[in-house]
Amino acid sequence: MNLEKIQNNGLVLLGCGKMGSAMLAGWLEHGVALNAVYVLDPYPSDWLKNLAAKGLNLNTDLPQDPAVCIIAVKPQMMSEALPSLIPMVAGDCLFVSIAAGTSIATYGAVLGGDAKIIRAMPNTPAAIGMGMTALIGNALISAEDMELARDLLSAVGQTVVLEAEAQMDAVTAVSGSGPAYVFHMIETMARAGQEQGLPADLAMQLALATVDGAGALAAQSTETASQLRANVTSPGGTTAAALDVLMDEATGFPAIVSQAIAAASARSKELGKS
Ligand SMILES: NC(=O)C1=CN([C@@H]2O[C@H](COP(=O)(O)OP(=O)(O)OC[C@H]3O[C@@H](n4cnc5c(N)ncnc54)[C@H](OP(=O)(O)O)[C@@H]3O)[C@@H](O)[C@H]2O)C=CC1
Ligand SMILES: O=C(O)[C@@H]1CCC=N1
């Protein structure tokens, strides 16, 4: 990560909840100095207070011209939280928002037409350095700005730059919210194992290890997900019996996952209007 500009000018983090703290942990691990970080959060966690005792700037005055300001409050808090950032626009600050729904135009309306804004969508596996973040910037974003934003988000996982902001609702629905779908899959597999007579802890251990192993195999293998699925499926065997249920176009995963992702994407669009 190119730390020089951050060390010299500072990094502001607005909102340090689940996503903000996951990113902050990654930046500190990658060498961002505590005294270069300025966090604004009305009810800081004990973890954050402990970092403040060691040098992080918590709920203090902000630097005039920080290198970057990361916006990590809920979309519903945006109108209350954003005005505190307006003084930074006069400098060369790069604004990076991770909020679902909130459009670049919305930030532009509050921060003004000169604000350099990147919209990003990470996900919670960022907490273990395995996040996935998609980014898109406004017309004022230079290659150097995008590199700085990617460097910051690369500290917590993979990054990809989108072709258009319109892709962000679908991205939010697939990878932003996606970890929750997988966690629900773990819950439901474990519950179904119990229904088949397994003790709860064993059923959960099997479900967790299976999702972990299958995800890692899919990520590392040169074979497609479809081929990996076929590799498990013996003709006339147990997997085929299960996939007859799960792959049913009308009642299985194709229909239900499609509906779920369409609902998340629609909600992202709605959040953009509110
Ligand atoms: N969670 C996820 O999986 C993902 C979330 N996001 C986006 O990230 C953003 C944050 O989500 P998440 O971390 O889950 O939410 P959290 O509620 O955990 O974090 C938001 C933080 O902002 C604080 N806050 C509220 N108002 C202000 C304010 N005026 N100034 C500064 N801080 C404030 C909150 O404090 P308090 O709790 O005291 O109100 C809280 O600590 C959202 O916009 C969400 O859309 C994006 C991708 C994935
Ligand atoms: O549920 C939400 O709105 C946020 C955005 C993506 C994940 N969590």
Side-chain angles (χ1 to χ4, degrees), residues 11-27 37-52 56-62 66 69-88 95-104 106-107 110-111 117-136 149 152-160 162 165 167-184 260-274:
L11 176 156
V12 173
L13 176 60
L14 181 72
C16 193
K18 288 177 283 296
M19 280 310 311
S21 47
M23 292 187 296
L24 176 56
W27 301 328
V37 179
Y38 296 76
V39 175
L40 287 183
D41 194 294
Y43 300 102
S45 63
D46 290 343
W47 175 73
L48 204 50
K49 287 182 198 160
N50 191 35
L51 291 177
L56 176 140
N57 305 281
L58 179 59
N59 294 328
T60 60
D61 288 342
L62 299 179
C69 172
I70 311 282
I71 302 167
V73 294
K74 296 270 183 205
Q76 292 85 348
M77 301 309 297
M78 212 52 84
S79 52
E80 178 189 319
L82 278 187
S84 63
L85 308 183
I86 290 172
M88 293 175 198
F95 295 90
V96 180
S97 167
I98 65 159
T102 314
S103 66
I104 288 175
T106 302
Y107 296 107
V110 179
L111 299 175
I117 301 159
I118 288 179
R119 201 175 148 191
M121 181 46 55
N123 63 13
T124 56
I128 56 161
M130 295 194 61
M132 176 74 238
T133 303
L135 304 101
I136 184 84
L152 283 168
L153 275 315
S154 296
V156 290
Q158 298 182 49
T159 63
V160 63
L162 299 179
E165 190 181 3
Q167 293 174 307
M168 202 48 109
D169 298 312
V171 165
T172 304
V174 174
S175 59
S177 298
Y181 318 154
V182 177
F183 300 140
H184 189 52
I261 287 188
S265 182
R267 181 62 186 142
S268 174
K269 287 190 178 79
E270 271 172 21
L271 286 170
K273 286 178 195 144
S274 55

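All ligand and atom numbering here is 1-based and tracks the order in the structure. Counting begins at 1 with the first residue of the sequence.
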The option among I98, V39, V171, L40 carrying the non-hydrogen atom nearest to atom 31 (C) of ligand 1 is L40
Give the intermediate values and the outcome of salt bridge (charged side-chain N to carboxylate O under 4.0 Å, His left out) for residues R267 and E270.
CA-CA 5 Å; R267 181 62 186 142; E270 271 172 21; 2.8 Å; yes
### Task
Could you walk me through whether S268 and S265 pass the side-chain hydrogen bond (donor to acceptor under 3.5 Å, both in side chains) test, one step at a time?
CA-CA 5 Å; S268 174; S265 182; over 6 Å; no
Ranking A72, P42, G131 by closest non-hydrogen atom to atom 10 (C) of ligand 1, top hit is A72
Exercise. Answer whether the closest heavy-atom distance between the side chains of L111 and I86 falls below 4.5 Å.
Key: yes
T102 side chain near R119 side chain, heavy-atom distance below 4.5 Å: no
closest protein heavy atom to atom 1 (O) of ligand 2 is S177 OG, 4.5 Å
Is there at least one pair of N or O atoms, one from D41 and one from ligand 1, spaced under 3.5 Å apart?
-> yes
Checking heavy atoms under 4.0 Å, the part of P122 that sits near ligand 1 is both
Within the distance-only criterion (no hydrogens, no angle test), does the side chain of D41 pair as donor or acceptor with the backbone N or O of N59 below 3.5 angstrom? no
| message | Check this for me: Q158, atom CD, are more than 12 non-hydrogen atoms of other residues, nucleotides or ligands nearer than 6.0 Å? | response | no
Could you tell me if the side chain of L162 sits less than 4.5 Å from the side chain of M168, heavy atoms only? yes
Rounded to the nearest 0.5 angstrom, the CE-CD1 distance for M23 and I70 is 6.0 Å
Under 4.0 Å from one or more heavy atoms of T124, ligand 1 contributes atoms 2 (C), 3 (O)
Counting from 1 in the order shown, the ligand 1 atoms closer than 4.0 Å to a non-hydrogen atom of L14 are 30 (N), 31 (C)
Contact region, P75 to ligand 1, non-hydrogen atoms below 4.0 Å, reads both
Counting from 1 in the order shown, the ligand 1 atoms closer than 4.0 Å to a non-hydrogen atom of A81 are 28 (C), 29 (N)
Between the CG atom in L85 and the CG atom in L40, the distance rounded to the nearest 0.5 Å is 7.5 Å
Taken to the nearest 0.5 Å, the spacing of I136 CD1 from S103 OG works out to 12.5 Å
Note: ligand 2 atoms sitting under 4.0 Å from heavy atoms of G176 are 6 (C), 7 (C)
When rounded to the nearest 0.5 Å, the distance separating OG of S21 from CH2 of W47 is 5.5 Å
Under 4.0 Å from atom 7 (C) of ligand 2, is there at least one protein heavy atom? yes
Next on the checklist: With the threshold set strictly below 4.0 angstrom, can you tell me whether any protein non-hydrogen atom sits that near atom 41 (O) of ligand 1?
Outcome noted: yes
To atom 43 (O) of ligand 1, the nearest of I70, I71, V73 on a heavy-atom basis is V73
In I118, V171, L152, the residue satisfying side chain to side chain contact (heavy atoms under 4.5 Å, CB included) with L135 is I118
If you scan protein heavy atoms around atom 22 (O) of ligand 1, the nearest is G15 CA, 3.4 Å
For Y43, the atoms of ligand 1 under 4.0 Å from one of its heavy atoms are 38 (O)
Of all protein heavy atoms, the one nearest atom 4 (C) of ligand 2 is A100 CB, 4.6 Å
Taking only non-hydrogen atoms of E80 and a 4.0 Å limit, the atoms of ligand 1 in range are 29 (N)
re atom 19 (O) of ligand 1, the protein heavy-atom contact at minimum distance is G17 CA, 3.2 Å
Atom 4 (C) of ligand 1: of M77, K18, M19, K74, the nearest heavy atom sits on M19
- Is M121 close to ligand 1, meaning an N/O of one under 3.5 Å from an N/O of the other? no
Derivation and outcome, side chain to side chain contact (heavy atoms under 4.5 Å, CB included), residues L56 and L24
CA-CA 11 Å; L56 176 140; L24 176 56; 4.0 Å; yes
Numbered in order shown, the ligand 1 atoms found under 4.0 Å of a heavy atom of A100 are 43 (O), 45 (O)
